[in-house]
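Just the heavy atoms: all of them, side chains too, but no hydrogens, waters or symmetry mates, feed the values below. For reference, positions follow the sequence shown, starting with 1.
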Amino acid sequence: MDDALVAYNAGRVDGAAGYRDPQIAEDAEIGADYRIGVLDGRIAAFHLIMEVRRILGMEGSLFERPDDVTGT
């Protein structure tokens, strides 16, 4: 049980950082726990970004307009 919790936590940290370790993910004993942690970490990061956008009052896509507006 301890190994499963450690793998889940490692996956959650990696997922929040946008990283996935393929070697741990394919491990027969702890790979499933790690992959679930990765998914949970990515979801938590998504919610954090959405909350920051809400606080700042940002709406719509960040990719609607080109970054370089010097040509107009």
Open item on the list: Go through it in stages, so that I can follow the logic: the residues are R12 and Y8, the test is side-chain contact (heavy atoms from CB on, under 4.5 Å), and I'd like the CA-CA distance, side-chain angles, deciding distance and then a yes or no.
Closed with: CA-CA 6 Å; R12 188 167 165 91; Y8 171 82; 3.9 Å; yes

Task: Partner of Y34 by side-chain contact (heavy atoms from CB on, under 4.5 Å), out of N9, I24, L39 - done: I24

Task: E51 CD: over 12 foreign heavy atoms closer than 6.0 Å - done: yes

TODO: Determine, stepwise, if the pair H47 / M50 fulfils side-chain contact (heavy atoms from CB on, under 4.5 Å).
DONE: CA-CA 5 Å; H47 285 289; M50 293 306 297; 5.7 Å; no

TODO: Would you please name every residue forming a side chain to side chain donor-acceptor pair (under 3.5 Å) with D21, sequence neighbours left out?
DONE: none

- [ ] Verify the cluster assignment for V52 and M58: are they in a single hydrophobic cluster under the rule of side-chain heavy atoms below 4.5 Å apart?
- [x] yes

Task: The single option from D33, I30, D27 passing side-chain contact (heavy atoms from CB on, under 4.5 Å) against D3 - done: I30

- [ ] Mind listing the closest non-hydrogen atom pair of A45 and A16 along with its distance?
- [x] CB-O, 4.0 Å

Open item on the list: List the residues meeting salt bridge (Lys or Arg N to Asp or Glu O under 4.0 Å) with E29, not counting sequence neighbours, and say none if there are none.
Closed with: none

